Amino acid sequence: MLEIVIFSTLNGILYGLLLFMLSSGLTLIFSMMGVLNFAHASFYMLGAYFAYTLGMHTGFWPALILAPLLVGALGALVERFGLRRVHANGHVAELLFTFGLAYVIDELVQMMWGTVAVAYREPAYMREPLFTLFGTDYSIFRGVVILISILMFVALWYLLKKTRVGLMIRAALTHGEMVGHLGHNVPRLFMGVFGFGCALAGLAGVIGGPIMSTEPGMAATLGPIVFVVVVVGGMGSLQGAFYASLLIGLIQTFFVAVNASVADVVNAMGANLDPYGELGRISLATLAPMTPFILLVLILIFRPRGLMGELEP
Amino acid sequence: MLKSLFTFITASLLLVGTAGAAETVKLALIDPLTGPMAGAGQPAFEHLKFEAKRINANGGINGKDLEIVGLDNKVNPQESLVQLQKAIDDGVQFVTQGNGSSVASALIGAVEKHNQRNPGDEVLYLNYAAVDPSFTNERCSYWHFRFDANADMKMNALTTYIANNEDIKKVYLINQDYSFGHAVSKAAREMLKKKRPDIEIVGNDFHPLAKVKDFTPYVSKIQSSGADAVISGNWGQDITLLVKAAAEFGLDAPFYTYYGASAGVVTQLGDKGVDRIYQINEYYGDFEDPEMAKRQVEMYKETGWDFYYLRLSTMLDMLKKAADKAGSTDPVEIAKAMEGMTLETTNGEVLMRAEDHQIQLPMFMSVMKDDMEYGAEGTDYNFHKVARIEREDVTLPTTCRMRRPK
């Protein structure tokens with residue numbers, strides 16, 4: 001039992017951290033520009049594919065730096081030459097633009113890398129166990145992924161709270177016009193934030209690709225969950241996104257790990273449900289992929305502003 | 001004179017015209033060609049096209065060329081029905097599909113209905129991998145022919161192998177949460193109970209089809225259950241990612257699978273799969289038959305996919321044999337000819353049983369090995385034969401009571 005708890009916690013945290021890396025960029029972009037970027041998960045996918053292709057020439061570590069930079073640059077270009085023009089036509093146009101972009105990226109990826117998963121893997125030496133507990137190995141790569149994620153969060157926190165750029169971003173979040181009037185180049189700031197958010201998604205792709213498999217469907221699988229994170233955490237709240245990511249990561253892993261059915265849970269709370277009935281016999285493990293969406297519905301009903309959000313959506 | 005010459009020319013022109021149009025027989029593959037399960041559909045598509053060339057070089061289907069048409073269904077039953085209609089509208093008379101018994105179930109119903117309503121315009125459904133046992137039992141259809149052993153036959157062979165291995169005491173079952181996965185789990189529990197009552201089933205998990213990206217939570221569960229062996233009917237990315245996660249977490253229990261040699265497994269696992277992944281299938285990766293070895297080498301060079309689906313070759317060979325025997329490419333005639341037909345394959349004789357249209361064939365247990373003469377996916381790894389289970393030990397009775405056209 002203890003080993004299940006330990007490994008589920010580790011796996012849940014790892015998954016949660018990856019989710020946060022994706023959703024932090026999304027929530028930053030949203031709070032600043034008011035754009036819900038539907039193509040965000042596509043940038044995550046591009047990160048994985050870029051790292052796969054670059055990695056064949058440069059090796060894993062340079063690709064770890066180069067691929068997110070490339071994705072970030074691409075994101076900046078999209079903002080500068082696409083989104084900024086569309087912006088004049090209002091939010092609906094922007095939404096449609098990112099929606100279309102997601103499709104375009106999906107198709108391009110299939111054309112360039114094929115419809116089947118590519119063999120993007122971590123270097124062989126990182127597949128060795130970092131430690132072995134109760135006969136289960138925990139690979140070095142997973143340790144490295146956790147480390148990279150934590151380092152990235154510290155860097156993000158430092159950037160936002162301690163630097164001048166961070167000050168400008170935070171100011172632009174709430175008083176964009178004023179920052180502009182003070183002589184700062186707000187459009188350029190927007191472009192930077194959009195590119196930075198995309199780069200974060202790209203980084204998540206680089207380290208998530210080997211774990212979750214690099215295939216053209218990877219954006220579509222994670223996309224909806226990232227939106228759930230942003231809504232559950234509270235639109236525009238980084239802190240909220242962080243807690244929501246970890247929460248969803250842990251819930252999803254623990255639901256799989258627990259050997260219980262719906263009836264077991266409901267009956268433990270005092271109800272009397274037939275354990276062999278249509279509803280009662282469903283196991284929690286089967287429900288696991290649904291949990292983020294159940295959480296989304298519950299949050300929207302009982303706490304529409306999300307865990308840490310300041311505004312009603 | 002001039003007039004008769006003129007009629008002769010127009011008549012021969014017309015003849016050439018109609019002959020040219022009717023010279024190909026279209027076989028439509030309705031399978032996932034994009035998306036997460038494309039790894040299962042794409043190699044089948046390439047295999048069919050590769051083997052169609054051989055068939056056509058040997059005189060084709062009763063003199064007509066065989067043409068393979070690929071239609072993407074994304075493993076979605078609704079989408080498959082749309083594609084089926086499209087195929088029928090294009091004059092396709094033979095459809096084949098394999099990935100997903102959910103899809104197969106929809107197709108059987110649709111083909112049955114179509115043939116009932118459009119006599120003279122029948123369509124034949126050749127199933128190469130959808131192995132839900134009900135399709136050749138209670139739900140059997142005259143228009144459906146299955147060229148793969150069904151889930152129960154595979155489990156029959158697999159459990160016979162496990163029953164002979166005294167070291168296995170605890171078995172864990174993990175399968176996809178739909179009709180096929182449940183059929184595998186049920187067959188495993190029933191047959192193990194009969195053949196080895198001392199074996200304990202320590203886990204019986206179902207996970208959603210093609211949705212799980214990270215199997216590590218399942219693997220820690222298997223690990224802590226203390227299982228000596230895992231049985232899984234998973235296919236597509238669900239098997240690749242499952243065994244990958246197991247290897248990564250150092251799970252020592254061997255995996256007894258239906259589709260362990262699916263595209264991507266060998267590349268993803270490398271060394272960690274050796275002696276750990278077993279597969280029950282109609283073929284394996286030794287290629288002792290020089291003719292098969294030649295096809296493996298050629299097909300990999302031409303298409304980048306391995307010669308994995310021997311049953312697709314069997315299917316096309318049998319289609320040709322039936323058409324030649326019937327002297328026609330009419331689906332009704334071919335169906336009649338195919339009933340009870342035998343075919344000599346590299347593994348010996350196979351039989352298309354007339355009662356239920358379920359192929360009867362020997363099965364092989366193979367295990368992933370290094371340094372193989374013909375490696376899969378351009379590596380040195382492939383699946384080495386460890387046991388042959390004869391046709392009469394694989395076969396199972398059927399409950400099918402087929403309604404035949406008059």
Side-chain angles (χ1 to χ4, degrees), chain A residues 1-12 14-15 18 106-107 110 114-122 124 127-129 132-139 141-142 208 210-213 215-218 220-222 249 252-259 282-283 285-290, chain B residues 32-43 45 72 74 174 177 202-226 236-237 240-241 244-253 263-264 266-272 304-305 377-379:
Chain A
M1 191 59 212
L2 183 65
E3 60 199 278
I4 291 195
V5 173
I6 292 175
F7 276 98
S8 296
T9 312
L10 279 173
N11 292 329
L14 181 102
Y15 184 51
L18 274 179
D106 271 17
E107 289 299 322
Q110 292 194 13
T115 52
V116 183
V118 294
Y120 174 38
R121 304 197 59 191
E122 64 274 28
R127 266 170 248 154
E128 298 304 314
T132 303
L133 211 61
F134 308 108
T136 304
D137 297 339
Y138 201 77
S139 71
F141 184 67
R142 285 183 181 252
I211 295 181
M212 319 269 262
S213 99
E215 40 97 13
M218 64 192 288
T221 358
L222 221 52
Q252 246 185 313
T253 7
F254 270 98
F255 261 59
V256 170
V258 173
N259 250 334
I282 299 174
S283 72
T286 338
L287 284 180
M290 224 194 295
Chain B
L33 301 178
T34 64
M37 291 310 202
Q42 283 288 353
F45 188 35
D72 185 15
K74 303 184 175 71
I174 176 162
D177 194 6
V202 290
N204 183 22
D205 262 343
F206 297 101
H207 64 81
L209 174 67
K211 291 257 171 7
V212 182
K213 294 289 152 177
D214 187 4
F215 275 95
T216 47
Y218 295 95
V219 170
S220 16
K221 239 169 125 177
I222 299 174
Q223 182 78 291
S224 69
S225 73
Q237 68 164 27
T240 322
L241 297 181
K244 183 181 150 197
E248 200 189 322
F249 279 80
L251 183 67
D252 287 325
V266 161
T267 322
Q268 295 272 358
L269 287 189
D271 252 355
K272 297 202 162 175
W305 293 102
E377 297 169 25
T379 65

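Reminder, nothing fancy here: chain letters follow the sequence lines and each chain counts from 1. Source: prediction; values computed, not measured.
Taking B/T240, B/T216, B/D214, B/T267 one by one and counting their heavy-atom pairs under 4.5 Å with chain A, the maximum is reached by B/T216. With chain B as the partner, the residue from A/Q110, A/M218, A/R142, A/Q252 showing the most heavy-atom pairs under 4.5 Å is A/R142.
At a 4.5 Å heavy-atom cutoff, B/L251 makes no contact with chain A through either its backbone or its side chain. Interface remark: A/T253 contributes backbone and side-chain atoms alike to the contact with chain B (heavy atom separation under 4.5 Å). Neither the backbone nor the side chain of A/P129 comes within less than 4.5 Å of any heavy atom of chain B. In this structure, chain A has no heavy atom under 4.5 Å from any part of B/E377. Both the backbone and the side chain of B/E248 come within contact range of chain A, with heavy atoms under 4.5 Å apart.
In this structure, B/F215 CZ and A/I211 CD1 are separated by 15.0 Å, a value rounded to the nearest 0.5 Å.
Side-chain contact between A/N11 and B/S220 is present, with at least one heavy-atom pair separated by less than 4.5 Å.
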